[in-house]
Number of protein chains: 2
Amino acid sequence: MMNLEKALKRLRENNHKVTMRRRDIITFFEQENRYVNARAVMDFMENLHPSMSFDTVYRNLHLYEQLNILEVTTLDGEKHFRMKCSPEHHHHFICNDCGSTKKLPLCPMDQATELLLGYDIEDHKFEVYGRCPDCQFTL
Amino acid sequence: MMNLEKALKRLRENNHKVTMRRRDIITFFEQENRYVNARAVMDFMENLHPSMSFDTVYRNLHLYEQLNILEVTTLDGEKHFRMKCSPEHHHHFICNDCGSTKKLPLCPMDQATELLLGYDIEDHKFEVYGRCPDCQFTL
DNA sequence: ATCGATGCAAACTCTTTGCATAGCA
DNA sequence: TGCTATGCAAAGAGTTTGCATCGAT
């Protein structure tokens, strides 16, 4: 699992500066085991940095994605981010309510590959959506 | 597989009018075995109806989605539509180049369900992306 | 004739970009 | 000091909506 220390190291290794904003964004993701959108990051950051701008949120989310610090998925046409999980390949259950995730240590690609001879496979997506135990009885 | 006849029937059954535009949109999807975006529908329709507006494209795509005439998926944050396939549950390979699809008659949910006791599963998505045989050597 | 469908224009959401300034190394 | 990160403002893409009119039934 990615964390603050590793993330800052990766920033430095790739010649990016470590700013307060960058540090705080990582801190936010460190404590949120779930997919959040740019809005949520902005809400968190505005408290710490009243002058925070959305541009910086987006720019850094994009940077973190490139540096493999964050994972991305598109939910309802909106990008959602979370701290990068373990390096082993896996998929996720994602709660429609709170965005929290549960790892699914399985992958259907073995079977799918057999059905796709002659096809050039570049990527795949497997996600399960619903309500996590905590969110089932709220509302 | 959904077709023009069934689609018009479903429109009437749900008290929607059958207009030329609606008929022609269905005809377009009938001959395209692939996921296309609103832009592609618009391009096709503009030839037949020079006064065609994007609003009508979007309104009808949305209507067809609700009536289960079209399937939807979000690719790169953009909605893509195709004619509803066979009623048996299945998934798709989707070509990143032309949007053409190949059915994958398999579903990882049996195994996933076992891992998600206590979770309320509402939906899931499994898609494989890449290049179909026809698109591999173009470019 | 009635009521839903459409075109027009505007607005809305999410996201990206150019530029001058602020701030890390 | 030098160069990157940031805020501001503006723009861009995709999509939705209110309203007057058009058109299917």
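All chains are named by letter (A, B, ...) in the order of the sequence lines, taking the proteins before the strands, and each is independently numbered beginning at 1.
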Given His92(A), Lys125(A), Lys79(A), the one that forms side chain to side chain donor-acceptor pair (under 3.5 Å) with Thr73(A):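 Among His92(A), Lys125(A), Lys79(A), the one that satisfies the side chain to side chain donor-acceptor pair (under 3.5 Å) with Thr73(A) is Lys125(A).
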
Nearest listed nucleotide, side chain of Asn60(A), among dA25(C), dA5(C), dT6(D):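 In terms of side-chain proximity for Asn60(A), the closest of dA25(C), dA5(C), dT6(D) is dT6(D).
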
Student check: side-chain heavy atoms of Glu114(A) and Met109(A) closer than 4.5 Å: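 No; the side chains remain at least 4.5 Å from each other.
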
Salt bridge flag under 4.0 Å for residues Arg131(B) and Glu122(A):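 A salt bridge links Arg131(B) with Glu122(A).
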
Identified side chain to side chain contact (heavy atoms under 4.5 Å, CB included) counterpart of Asn60(B) within the set Ile26(B), Ile25(B), Thr19(B):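 Of Ile26(B), Ile25(B), Thr19(B), side chain to side chain contact (heavy atoms under 4.5 Å, CB included) with Asn60(B) is met by Ile25(B) alone.
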
Nearest-nucleotide 5' precedence on DNA chain D, Met20(B) against Val57(A):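 Here Val57(A) is the residue nearer the 5' end.
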
Verify same cluster id: Ile121(A), Leu75(B) (apolar side-chain graph, 4.5 Å): no

Contact under 4.0 Å: Thr19(A) side-chain N or O vs dT4(D) OP1/OP2: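 So the side chain of Thr19(A) is outside the cut-off, no N or O lying under 4.0 Å from OP1 or OP2 of dT4(D).
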
Phosphate contact (dA5(D) OP1 or OP2) by His16(A) side-chain N/O below 4.0 Å: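 For His16(A), the contact criterion (side-chain N or O under 4.0 Å from OP1 or OP2 of dA5(D)) is met.
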
Over how many whole Å does the gap from [X] atom [atom1] to [N] atom [atom2] extend?
X: Arg22(B); N: dC22(D); atom1: CZ; atom2: P; answer: 18 Å
X: Asn15(A); N: dT4(D); atom1: CG; atom2: P; answer: 9 Å
X: Leu11(B); N: dA24(D); atom1: CG; atom2: P; answer: 14 Å
X: Leu8(B); N: dA24(D); atom1: CG; atom2: P; answer: 14 Å
X: Tyr64(A); N: dA5(D); atom1: OH; atom2: C1'; answer: 11 Å
X: Gln66(B); N: dA5(C); atom1: CD; atom2: P; answer: 12 Å
X: Leu75(A); N: dT13(C); atom1: CG; atom2: C1'; answer: 16 Å
X: Glu65(A); N: dT15(C); atom1: CD; atom2: C1'; answer: 13 Å

Protein-to-nucleotide contact annotation, 5' to 3' order, nucleotides 8-17 of chain D [B base; S sugar-phosphate only; - none; under 4.0 Å, heavy atom]: BB----SBBB

Main-chain N/O of Glu5(B) paired with Asn3(B) side-chain donor or acceptor, under 3.5 Å: yes

All salt bridge (Lys or Arg N to Asp or Glu O under 4.0 Å) counterparts of Glu78(A), not counting sequence neighbours: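 Not a single residue meets the salt bridge (Lys or Arg N to Asp or Glu O under 4.0 Å) criterion with Glu78(A).
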
